[in-house]
Amino acid sequence: MPLARTHELLAHGPAFAFNVITIEHAEAIASAAEAANTPAILQISENAVKFHGGNLTPLATATAAVARTAAIPLALHLDHVESVELLHAAAAHDFSSVMFDASRLPYADNVKATAEAARWAHQRDLTLEAELGRIGGKPGDAHTPGVRTDPTEAARYVAETGVDALAVAVGSSHAMTTRTATLDHALIGELHRAVPVPLVLHGSSGVPDTELRRALAAGIRKVNVGTALNQAYTGAVRAFLEAHPSTVDPRKYLTPAREAMASAVATCLRIGDN
Ligand code: G3H
Ligand code: ZN
């Protein structure tokens with residue numbers, strides 16, 4: 001089936017976006033979304049591109065090919081892009097949206113860089129997500145679940161930059177391996193009322209199901225999940241190799257790893273269902 005477009009998915013309701021690092025991630029996401037009959041977003045981060053030697057093409061091409069084989073609409077998103085060069089590379093691939101992440105910059109510099117990225121994206125029929133309020137836990141960053149996005153500043157930021165979706169700091173933090181984050185649901189509601197574009201929750205792996213359900217009810221539209229898939233993948237590989245220490249064929253342990261990721265994706269998609 002042809003690829004979906006991120007903004008069209010978000011226009012229909014909340015959607016989960018899952019990080020792709022290897023082709024097995026893409027296969028797991030596609031098969032679980034198909035089994036659940038629920039559209040989803042496959043996203044490749046700048047860090048994943050760096051892992052693959054800085055060349056976007058191999059992973060983007062493989063991910064798009066896997067996504068097209070699914071009998072459910074799947075969209076492709078390029079995530080946490082700090083490099084303008086990588087932003088520009090998005091246009092040569094099958095992404096319908098990019099997150100340009102200037103959240104490390106002071107407000108005025110963030111606005112300037114993001115407005116320019118949004119102008120560039122819109123000329124190429126791409127939609128642009130940006131981040132205001134620094135969501136912690138990115139590589140090299142501390143976990144900062146206490147950071148918050150201010151609703152008045154968020155409304156001004158969206159007006160000044162022209163972005164199409166906004167990642168907000170509301171209590172989650174990236175790369176959490178325990179599901180212990182508590183979200184500021186009143187703030188999510190305020191941001192939803194103040195900001196005319198879809199709100200994005202990053203670092204969702206650390207957020208319990210009940211908190212995620214409340215966040216969706218309060219106005220979160222895109223839920224980004226990465227670490228939960230990696231925990232499933234690595235846990236399955238570890239268990240397999242502990243039980244079969246002489247295995248050398250990676251297909252033996254990547255099969256249960258891919259199944260474990262698909263099951264993690266299915267668990268998330270069920271949260272969105274009710
Ligand atoms: O942009 C990606 C997400 O925010 C993933 O965060 O790995 O903590 O689930 P996570
Ligand atoms: Zn993120």
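Order of listing sets the numbers, starting from 1, for every ligand and every atom in it. Numbers for residues simply follow the sequence, beginning at 1.
- Which of Cys268, Ala167, Ser205 comes nearest to atom 9 (O) of ligand 1 through a heavy atom is settled by distance: it is Ser205.
- Relative ring orientation between His202 and His174 is described as perpendicular, the plane-to-plane angle rising above 60° on a 0-90° scale split at 30° and 60°.
- Ranking the protein heavy atoms by distance from atom 3 (C) of ligand 1 puts Asn224 CB, 3.3 Å first.
- Atoms of ligand 1 lying under 4.0 Å from any heavy atom of Thr227, numbered from 1 in the order shown and given with element: 7 (O), 8 (O), 9 (O), 10 (P).
- At a 4.0 Å heavy-atom cut-off, ligand 1 touches His80 through the side chain alone.
- For ligand 1, the atoms closer than 4.0 angstrom to any heavy atom of Asn19 are 2 (C).
- Asp79 OD2, 3.3 Å is the protein heavy atom nearest to atom 2 (C) of ligand 1.
- The pair Lys138-Glu82 fails the salt-bridge criterion, with no side-chain N (NZ, NE, NH1 or NH2) lying under 4.0 Å from an Asp/Glu carboxylate O.
- Close approach to Gln43 involves these atoms of ligand 1, each under 4.0 Å from a residue heavy atom: 1 (O), 2 (C).
- By the 6.0 Å contact criterion, NE2 on His12 is open, its count of non-hydrogen atoms from other residues, nucleotides or ligands being 12 or less.
- For the pair His52 and Leu59, the minimum side-chain heavy-atom distance is below 4.5 Å.
- Look at Asp209 and Arg179 and you find a salt bridge, because one of the NZ, NE, NH1 or NH2 atoms lies within 4.0 Å of a carboxylate O, short of that distance.
- Under the 6.0 Å cut-off for aromatic ring centres, Tyr253 and His244 do not qualify, their centroids lying 6.0 Å or more apart.
- Within His202, the N, O or S atom at minimum distance from the Zn ion (ligand 2) carries the name ND1.
- Residue Ser204 touches ligand 1 through its backbone alone, judged by heavy-atom distances below 4.0 Å.
- Here the side chain of Thr247 pairs no donor or acceptor atom with the backbone of Pro245 at under 3.5 angstrom.
- Nearest protein neighbour of atom 8 (O) of ligand 1, counting heavy atoms only, is Ala175 N, 2.8 Å.
- Close approach to Gly226 involves these atoms of ligand 1, each under 4.0 Å from a residue heavy atom: 5 (C), 7 (O), 9 (O), 10 (P).
- Side-chain contact annotation: Asn47 with Ser45, donor-acceptor N/O pair under 3.5 Å absent.
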Evaluate Ser83 against Glu85 for side chain to side chain donor-acceptor pair (under 3.5 Å), listing each step before the verdict. CA-CA 5 Å; Ser83 139; Glu85 196 187 340; 4.8 Å; no
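- Ligand 1 has no nitrogen or oxygen under 3.5 angstrom from a nitrogen or oxygen of Val225.
- The shortest contact between atom 4 (O) of ligand 1 and any protein heavy atom is with Gly203 N, 2.8 Å.
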